[in-house]
Amino acid sequence: MRSRRIVLSIAPLAVAALALTGCAGSTTPGDEAPSEDALVIYNAQHEQLTEEWVAAFTEETGIEVVLRNGNDSELGNQLVEEGEASRADVFLTENSPAMSLVENAGLLAPIDQATIDLVPEQYRPSSGLWTGIAARSTVFVYNPELLDESELPASLMDLQDEQWQGRWGAAPGGADFQAIVSAVLELEGAEATSAWLDGMKQNAEIYQNNIATMKAVNAGEVPGGVIYHYYWFRDQDGTQENSGDTELHYFGNQDPGAFVSVSGGGVLKSSAHQDEAQQFLAFLAGEAGQQILGEGYSFEYPVASGVPAKSPLPALDTLDAPVIDPSTLNGPEVIDLMTEAGLL
């Protein structure tokens, strides 16, 4: 067994040594480059969560792990650019469109069947080339002082209507919201999605991210906003400073607004550490990895091994989300449509 060694981010000198390009994370003591035996993970998941996963995995296996942190689109496009020359062994995403981009470029190896079997069918792609590791639900956060329950939108698609002008907010520049739009595209088609985005351009207040959107709703700047659920639950579990004057509305009814975004994990076909990479994904989808997710700070949903969601989250199977094969979500077309609408 290898000696236990965890490198949680790649320092600039280590990046050069690994022939990795783009932004590096915070430096590690000594700025030493990882060994050739290290498992390199391109990580677009939340850093704290992945660091907890890595620490537990290395404790169990002794396998050295290096994280290169970035966002979904940055790392997905980086992998496509690097192709077979990439040093990455594993790719983790927050949302599935970036994983689909890498999958469609032919860069992923099939996942071990035993790992696939840990994850229910609706939380993994039909291709078997990657697997779900976590999930987050789309929600409408609203300020009940500004928006009565009877006024809440029945569908996400309603937000394009004139009555919602200046009455909702979102963060179109983020991968989170773009994943939601990818669900609209898959469920409603390009023409309806384009019309909805045009309506959003007219109606929505634009914010930097989910937290800024929630803060604005809480402060009464805007009556409602589209975010992912866990930002609200995290704040509620803490000071409630950014959510204390808000409530959540779940669309349900298999509406695009009930979309559950699947976070993915995949093994690069070019990886020189196939066995270790497969072990890591099996750990994430296994009971130990899912319990770290389900019991930790993140309030994201476990999707595998029967691990329940953290209280007080509503059970994932009660959300009546639309059924979507996550590998069909089209990130590049979403970017084009949002650019045409003037949202990017």
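The structure presented is a predicted model; accordingly, all values stated were derived computationally and were not measured. These numbers come from the heavy atoms of this one structure, side chains and all, not from hydrogens, waters or symmetry mates.
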**Request:** Dump the intermediate steps for side-chain contact (heavy atoms from CB on, under 4.5 Å) on Glu64 and Thr58, then the final yes or no.
**Result:** CA-CA 6 Å; Glu64 177 186 350; Thr58 299; over 6 Å; no
**Worked check of side-chain contact (heavy atoms from CB on, under 4.5 Å) between Phe259 and Ser261** = CA-CA 6 Å; Phe259 168 62; Ser261 182; 3.5 Å; yes
**Asked** Given the rule in the side-chain contact (heavy atoms from CB on, under 4.5 Å) test, do Leu185 and Val334 qualify, once you have shown the distances and angles that lead to the verdict?
**Response** CA-CA 8 Å; Leu185 177 62; Val334 164; 4.0 Å; yes
**Asked** Do His46 and Tyr230 pass the ring pair (Phe, Tyr, Trp, His ring centres under 6.0 Å) test, and can you show the C-alpha distance, the side-chain angles, and the key distance before you say yes or no?
**Response** CA-CA 12 Å; His46 294 284; Tyr230 61 91; 5.4 Å; yes
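Nearest heavy atoms, Ser263 versus Arg136: OG-NE, 3.5 Å. Shortest non-hydrogen contact noted between Leu75 and Gly70 is CD1-N, 3.6 Å. Here the closest heavy-atom approach between residue Ser182 and residue Pro97 is recorded as OG-CG, 3.8 Å.
Linking Ile, Leu, Val, Met, Phe, Trp and Tyr residues whenever their side-chain heavy atoms come within less than 4.5 Å places Phe233 and Tyr142 in a single cluster. Under the 4.5 Å side-chain contact rule for hydrophobic residues, Leu129 and Val119 share a cluster. When the side chains of ILVMFWY residues are joined at heavy-atom separations under 4.5 Å, either directly or via intervening members, Leu146 and Val217 end up in two distinct hydrophobic clusters. Residues Val303 and Leu313 fall within the same hydrophobic cluster, defined by Ile, Leu, Val, Met, Phe, Trp and Tyr side chains chained together at heavy-atom separations under 4.5 Å. Linking ILVMFWY side-chain heavy atoms closer than 4.5 Å, directly or via other members, places Phe140 and Met157 in a single hydrophobic cluster.
Heavy-atom neighbours of Glu287 CD from other residues, nucleotides or ligands within 6.0 Å: at or below the threshold of 12.
Test Trp232, Tyr228, Tyr231, Trp168 against Val141 for side-chain contact (heavy atoms from CB on, under 4.5 Å) and you get one pass: Trp232.
Counted by atom type alone, Asn218 and Asn143 present zero donor-acceptor pairs between their side chains at under 3.5 Å. A donor-acceptor contact under 3.5 angstrom links the side chains of Gln45 and Glu300, judged on distance only. Using modelled atom types and a 3.5 Å distance limit, the side chains of Asp72 and Thr93 yield no donor-acceptor pair. In the model, Glu82 has a side-chain atom that pairs as donor or acceptor with a side-chain atom of Gln78 under 3.5 Å. One side chain, Asp117 or Gln113, offers a donor N or O that lies under 3.5 Å from an acceptor on the other. Side-chain polar atoms of Glu103 and Trp130 form a donor-acceptor pair below 3.5 angstrom.
The six-membered or imidazole ring of His249 lies near that of Phe251, with a centre-to-centre distance under 6.0 Å. For Tyr301 and His229, the gap between ring centers is short of 6.0 Å.
A donor-acceptor pair is defined here as one N or O able to donate and one able to accept, closer than 3.5 Å; such a pair exists between the side chain of Thr213 and the backbone of Asn209. Listed for the Gln178 side chain is a donor-acceptor partner under 3.5 Å among the backbone atoms of Pro172.
Within the cation-pi definition used here (under 6.0 Å to the ring centroid, within 45° of the axis), Arg68 qualifies as a partner of Tyr42.
The existence of a salt bridge linking Glu151 and Arg167 is confirmed by a sub-4.0 Å separation between a basic side-chain nitrogen and an acidic carboxylate oxygen.
Every residue two or more places apart in sequence or in another chain that forms a side chain to side chain donor-acceptor pair (under 3.5 Å) with Ser243 is listed here: Asp235, Gln236.
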